[in-house]
Amino acid sequence: MMEIQKFFHDPDPLKNRELFGLLGEYGLSQRVRGALGGPVTSEPGRRWFIMTEGRDREVVAFASLRFRRASTQLLHLYALKEGCDVPLLEYCLSAAGEAGTRRLITTDFGDKKDLYLCRGFRIVRRLGRFVRLEKEFAHEGA
């Protein structure tokens, strides 16, 4: 059974043990770094979503959201099991929308653009092998 666990990167390192216990090995992996096009990083305030499977809570996908005043960034969307990025991306979209995000921005490899385009993102810039994508959210009273 798949489960999405939610974490807040707390300024107090002692409160981040479970988050970084789950992410640790992947944050240091050259394979993950290559698949993402850069290192996995975080800072206090970031929201993390980690999809796990089974009783042992095997990590199958992860992503994070960085909330800013003008926009939110989707960072580090990575699936260790094929197809697990789709439900995690959709979960992140819901979380961003519920938080009142007006614009969600992400950068990913160009060959992954369809994952985003079919969910309402548009390409705003090409950056070599990467594309920057944005999704606008409509909110009542906006």
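When a residue number appears, it is its place in the shown sequence, counting from 1.
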Tell me whether [X] shares a hydrophobic cluster with [Y], the cluster being built from Ile, Leu, Val, Met, Phe, Trp, Tyr side chains joined at under 4.5 Å.
| X | Y | value |
| --- | --- | --- |
| F62 | V60 | no |
| Y78 | L93 | no |
| L19 | I4 | no |

Go through the structure and list residues passing side chain to side chain donor-acceptor pair (under 3.5 Å) with [X], not counting sequence neighbours.
| X | result |
| --- | --- |
| E90 | R119 |
| D85 | none |
| K6 | Y91 |
| S64 | R46 |

Hey, are the side chains of [X] and [Y] touching, using non-hydrogen atoms and a 4.5 Å cut-off?
| X | Y | value |
| --- | --- | --- |
| R132 | L127 | yes |
| E53 | C84 | no |
| V59 | L80 | yes |
| L133 | I105 | no |

Just jot down the salt bridge (charged side-chain N to carboxylate O under 4.0 Å, His left out) partners of R122, sequence neighbours excluded, or say none.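 Partners of R122 under the salt bridge (charged side-chain N to carboxylate O under 4.0 Å, His left out) test: E134.
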When rounded to the nearest 0.5 angstrom, what distance separates [atom1] in [X] from [atom2] in [Y]?
| X | Y | atom1 | atom2 | value |
| --- | --- | --- | --- | --- |
| L75 | T41 | CG | OG1 | 7.0 Å |
| R126 | T107 | CZ | OG1 | 13.0 Å |
| R47 | L74 | CZ | CG | 15.0 Å |
| Q5 | I50 | CD | CD1 | 7.0 Å |
| S42 | H76 | OG | NE2 | 7.0 Å |
| R68 | T101 | CZ | OG1 | 12.5 Å |

Start with the C-alpha distance between L22 and W48, add both sets of side-chain angles, then the distance that settles side chain to side chain contact (heavy atoms under 4.5 Å, CB included), and finish with yes or no. CA-CA 11 Å; L22 288 169; W48 281 92; over 6 Å; no
Do any pairs count as a ring pair (Phe, Tyr, Trp, His ring centres under 6.0 Å) and have a residue in residues 97-116, sequence neighbours left out, and if so which ones?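 Checked against ring pair (Phe, Tyr, Trp, His ring centres under 6.0 Å) - neighbours excluded - the pairs reaching residues 97-116 are F109-F130, Y116-F121.
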L89 and L115: side chain to side chain contact (heavy atoms under 4.5 Å, CB included), yes or no, with the steps? CA-CA 9 Å; L89 172 57; L115 173 68; 3.7 Å; yes
For the student: nearest non-hydrogen atoms of F137 and R103, plus distance: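 Heavy atoms only, the tightest pair is CD1-N, 4.4 Å.
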So for atom CD, which belongs to E43, do other residues, nucleotides or ligands contribute more than 12 heavy atoms lying within a distance under 6.0 Å?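 Yes, the 6.0 Å shell around CD holds more than 12 heavy atoms from other groups.
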Could you list the residues that satisfy side chain to side chain contact (heavy atoms under 4.5 Å, CB included) with [X], not counting sequence neighbours?
| X | result |
| --- | --- |
| P87 | M51 |
| R33 | Q30, P39 |
| L28 | none |

Who pairs with F8 by ring pair (Phe, Tyr, Trp, His ring centres under 6.0 Å), at least two apart in sequence or on another chain?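 Residues passing ring pair (Phe, Tyr, Trp, His ring centres under 6.0 Å) with F8: none at all.
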Ring pair (Phe, Tyr, Trp, His ring centres under 6.0 Å) involving F7 - partner list, sequence neighbours excluded: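 Scan of F7 (ring pair (Phe, Tyr, Trp, His ring centres under 6.0 Å), adjacent residues dropped) gives none.
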Please collect all side chain to side chain donor-acceptor pair (under 3.5 Å) contacts where either partner lies in residues 14-27, sequence neighbours excluded, each pair once.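 Qualifying pairs, neighbours excluded: E18-R57.
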Could you check L65 against L104 for side chain to side chain contact (heavy atoms under 4.5 Å, CB included), going step by step and ending with a plain yes or no? CA-CA 9 Å; L65 293 175; L104 185 63; 4.0 Å; yes
Is the closest side-chain donor-acceptor distance between Q73 and T106 under 3.5 Å?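 Looking only at side-chain atoms, T106 and Q73 do not form any donor-acceptor pair under 3.5 Å.
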Please evaluate residues T52 and E58 with respect to the criterion side chain to side chain contact (heavy atoms under 4.5 Å, CB included), reporting the C-alpha separation (whole Å), side-chain torsions for both, the decisive distance (0.1 Å), and the verdict. CA-CA 5 Å; T52 60; E58 174 191 356; over 6 Å; no
